[in-house]
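Heads up: the structure comes next, in structure tokens.
Each chain gets a letter, A, B and so on, in the order its sequence line appears, and its residues count up from 1. Bear in mind that the values here come from a model prediction, so they are computed numbers and not experimental data.
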There are 2 protein chains.
Amino acid sequence: MEMHQLRYFVAVAEELHFGRAAERENISQPPLSFQIKKLEQELNVQLFKRTKRKVELTEAGALLLPQARTILADVQSAKDTASLARRGEIGRVRIGFVHSASLGYLPQLLEPFRAEFPRVEIHLDEMTVTEQLVALKKKQIDIGVLRPPIADPELTSFNVVEENFVLVVPKTHPLAGTPSVELSSLAHEHFVFYPEHRSPAFFAQLTKMCQLAGFSPKISVQANTMYTAIGLVGTGAGIGFIPESVACITLPSVSFVKLSGTDNIAKLDLVYSETGLSKSAAQVVEFARNLL
Amino acid sequence: MEMHQLRYFVAVAEELHFGRAAERENISQPPLSFQIKKLEQELNVQLFKRTKRKVELTEAGALLLPQARTILADVQSAKDTASLARRGEIGRVRIGFVHSASLGYLPQLLEPFRAEFPRVEIHLDEMTVTEQLVALKKKQIDIGVLRPPIADPELTSFNVVEENFVLVVPKTHPLAGTPSVELSSLAHEHFVFYPEHRSPAFFAQLTKMCQLAGFSPKISVQANTMYTAIGLVGTGAGIGFIPESVACITLPSVSFVKLSGTDNIAKLDLVYSETGLSKSAAQVVEFARNLL
DNA sequence: TTATTTAATACCGATCTCGTATTAAATGTG
DNA sequence: CACATTTAATACGAGATCGGTATTAAATAA
């Protein structure tokens, strides 16, 4: 049972006329008659009752017709799928991201992307920067969203978000309610920090930021996520830094204070490996680039 | 996109090895490679990532695989359908029947038939004898179940049920409760009869039966169905005849009495036209014949 | 009876598929 | 590091298949 035989069968079944069906299929009538006969021989059943004057479907033909149509439609749909896949408009993209990207950048990127590419399945995994770099190498994720800088020469990256840090303080702290504060005035404070092993570069950035302001931060406790950091600040464990976009999480026990001064910028980069990047992942990358 | 290309594609996708896939499809490796390449060219997308050492599906290939399997399975199912249709084990059979056959004969025939041929769709239409004969000619039904005799030489028929008539009388009638009665003793009674136009032969049979017993029946009212006849007897409109199998319908207001004497046989015939009988209808006819 | 319509048949040429032989490249081994 | 082995791709030729043209046979209509 060949594809063209099914096409021819459907054409004859719909036209009920070999000549017109042949015309519709852009072949001449004799080979069409031949192919129908061949199909009938293979199935060992008469599909059409034909007199010299009239063609009609047999019971078997009528049963076969909808199935033939389904098969041809499925073939078309398979072709469409291939076409979408070629353009990266269908597929699966696995994205790793640091927890702090989930509030600001990720929705900003993915909401419009999903609207334009509804058939691209996005698989999200919250991971540390370190984990993301490993997963990118192992091809376990296609794209990482993390805090720069990254050193690996095999990975491509570009900056997608730049925002200021803000200070989180307990409601009971003298700074609570202050519009802004100089970083250098915080030398005596105790800090809720982030563990070095999860994001060495981010840790280094924060430390260097403090040192440029003239002090070494006294770390009272380390929090795995910024959400817990805010919580810990609320319990009086110290004060902390978070990127502005995370400050949309408010607790009754904490206040946010602007940091004045330069070089207190929290960056977010999109990272991927050029080699073996899937078409749909490339679409996400391109989309992110155009968003800038 | 040809059928064999889909088969080859699925084989390679499952084996992930051109040599083994070729063996499985009973062709040699070069033409298989060629067909896959051709398919990729038509779809304009790479389906496999192949090094000289390893074959794996691309994203597009992985998306195509389930669809290809579906298509191949549907083709197989279409072949199965054709095979069943050839043997008359699938299809639609339209059966016309007189109302009085619905209680006794029809379930007796159709219940075991449906068990053996579950994919044959049975379409039932309650019709008068006259209507059935017309519908058979017009090919509106495939088979009729009616009360003989029939005269048409183009129709084939055989007897499927022979049963005695019983007498229906009101509970208040002197005969109520009597075990049996001679037909000839009913000359003075009024009868609930059946209209001649619905089944001329049946009407004639009943009339002749009475005349052989020595009287002409006095008809008080005519009932379209035997069910209404029983009801009318219950209201005191007269007494009536029904085939034994219909006597399973009881009303508190009526009694049934056996008729003694010969030639009071109600017959039911199965009728069909040999010409243009569908395979599945032929299966029903054969099944009915074997049931005897 | 004749003209017309329509599917089937006969035959030929072009294309396609498949097989054999061979090549090229990657991996594993002595 | 050279060599054997594995595996997919390439080259080419034989046979099958498909489709085209010309024609035939049969059924209907005039």
Side-chain angles (χ1 to χ4, degrees), chain A residues 1-58 60-62 64-65 68 71-72 75 79 139 275-276, chain B residues 1-58 60-62 64-65 68 71-72 75 275-276:
Chain A
M1 193 191 291
E2 293 301 324
M3 226 50 101
H4 57 260
Q5 291 175 333
L6 287 180
R7 276 208 321 274
Y8 296 168
F9 166 67
V10 171
V12 175
E14 285 175 354
E15 302 288 344
L16 291 179
H17 188 292
F18 278 73
R20 280 198 298 277
E23 196 175 348
R24 183 171 124 180
E25 293 295 321
N26 295 313
I27 60 169
S28 54
Q29 170 262 318
L32 183 136
S33 290
F34 178 76
Q35 290 298 334
I36 296 291
K37 183 186 277 185
K38 209 173 147 190
L39 182 60
E40 290 179 326
Q41 276 167 0
E42 184 192 342
L43 297 177
N44 195 14
V45 69
Q46 196 87 357
L47 296 173
F48 296 102
K49 242 186 311 194
R50 40 247 217 232
T51 66
K52 285 277 161 185
R53 211 63 198 170
K54 214 168 52 190
V55 176
E56 50 184 323
L57 277 167
T58 62
L64 202 63
L65 180 57
I71 292 169
L72 292 179
V75 167
K79 286 180 182 174
K139 306 274 178 207
T275 62
Chain B
M1 196 191 289
E2 293 302 322
M3 227 47 106
H4 57 261
Q5 290 174 333
L6 287 180
R7 277 210 319 278
Y8 297 167
F9 166 67
V10 171
V12 175
E14 285 175 354
E15 302 287 345
L16 290 178
H17 189 291
F18 280 74
R20 280 198 299 277
E23 197 175 347
R24 186 172 122 181
E25 293 295 321
N26 294 315
I27 60 168
S28 55
Q29 170 261 319
L32 182 136
S33 290
F34 177 75
Q35 291 298 334
I36 296 291
K37 183 186 280 186
K38 210 173 146 189
L39 182 59
E40 289 180 325
Q41 276 167 2
E42 184 192 343
L43 297 178
N44 195 15
V45 68
Q46 195 86 356
L47 297 173
F48 296 102
K49 239 187 314 195
R50 45 257 221 218
T51 65
K52 284 276 161 189
R53 212 60 198 172
K54 215 168 52 193
V55 176
E56 50 184 320
L57 278 167
T58 63
L64 202 64
L65 180 56
I71 292 169
L72 293 178
V75 166
T275 62

- Query: If you look at every heavy atom in A:Phe9 and A:Gly61, which pair is closest and at what distance?
  - Reply: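 Heavy-atom minimum between the residues: CZ-O, 3.5 Å.
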- Minimal non-hydrogen separation, B:Val75 against B:Met3, with atom names: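 Scanning both residues, the minimum pair turns out to be CG2-CE, 3.6 Å.
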To the nearest 0.5 Å, what is the distance between [atom1] on [X] and [atom2] on [Y]?
{"X": "A:Asn44", "Y": "A:Leu39", "atom1": "CG", "atom2": "CG", "result": "11.5 Å"}
{"X": "B:Leu32", "Y": "B:Ile27", "atom1": "CG", "atom2": "CD1", "result": "4.5 Å"}
{"X": "A:Ile71", "Y": "A:Arg7", "atom1": "CD1", "atom2": "CZ", "result": "13.5 Å"}

Starting at [atom1] of [X] and ending at [atom2] of [N], how long is that distance when rounded to a whole Å?
{"X": "A:Gln5", "N": "D:dC18", "atom1": "CD", "atom2": "P", "value": "7 Å"}
{"X": "B:Leu32", "N": "C:dT20", "atom1": "CG", "atom2": "P", "value": "15 Å"}
{"X": "B:Lys37", "N": "D:dA11", "atom1": "NZ", "atom2": "C1'", "value": "12 Å"}
{"X": "B:Asn26", "N": "C:dT17", "atom1": "CG", "atom2": "P", "value": "18 Å"}
{"X": "A:Gln35", "N": "D:dG20", "atom1": "CD", "atom2": "P", "value": "11 Å"}
{"X": "A:Arg24", "N": "D:dG19", "atom1": "CZ", "atom2": "P", "value": "16 Å"}
{"X": "A:Lys38", "N": "C:dT9", "atom1": "NZ", "atom2": "C1'", "value": "17 Å"}
{"X": "B:Glu56", "N": "D:dA8", "atom1": "CD", "atom2": "P", "value": "13 Å"}

- Got a sec? Which of residues 9-23 of chain A come in under 4.0 Å of DNA chain C, heavy atoms?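 Listed by number, they are A:His17, A:Phe18, A:Gly19.
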- Is it true that a side-chain atom of B:Glu42 and a backbone atom of B:Met1 form a donor plus acceptor pair closer than 3.5 Å?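 Confirmed, B:Glu42 side chain pairs with B:Met1 backbone.
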- Okay, side chain of B:Glu40, backbone of B:Phe48: is any donor-acceptor separation there less than 3.5 Å?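 The answer is yes, because a donor-acceptor pair under 3.5 Å joins these two groups.
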Under 4.0 Å, heavy atoms only, any strand: does [X] hit a base, just the sugar-phosphate, or nothing?
{"X": "B:Phe48", "answer": "nothing"}
{"X": "B:Lys54", "answer": "nothing"}
{"X": "A:Ser28", "answer": "base"}

- Task: List the steps and the verdict of side chain to side chain contact (heavy atoms under 4.5 Å, CB included) for A:Glu15 and A:Glu23.
- Result: CA-CA 10 Å; A:Glu15 302 288 344; A:Glu23 196 175 348; over 6 Å; no
- Indicate whether OP1 or OP2 belonging to D:dA9 is found under 4.0 Å from a side-chain N or O atom of B:Arg50.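 Result: yes.
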- Given C:dA7, is OP1 or OP2 found less than 4.0 Å from the side-chain N or O atoms of A:Ser33?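 False: A:Ser33 side-chain N/O out of range (4.0 Å or more) of C:dA7 OP1/OP2.
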- Between A:Val12 and A:Arg50, does a side chain to side chain contact (heavy atoms under 4.5 Å, CB included) hold up when you go through it step by step? CA-CA 11 Å; A:Val12 175; A:Arg50 40 247 217 232; over 6 Å; no
- Message: Return a single string for nucleotides 22-30 of chain D, one symbol per nucleotide in 5' to 3' order, where B is base contact, S is sugar-phosphate-only contact and - is none, cutoff 4.0 angstrom on heavy atoms.
- Response: B--BSBS--
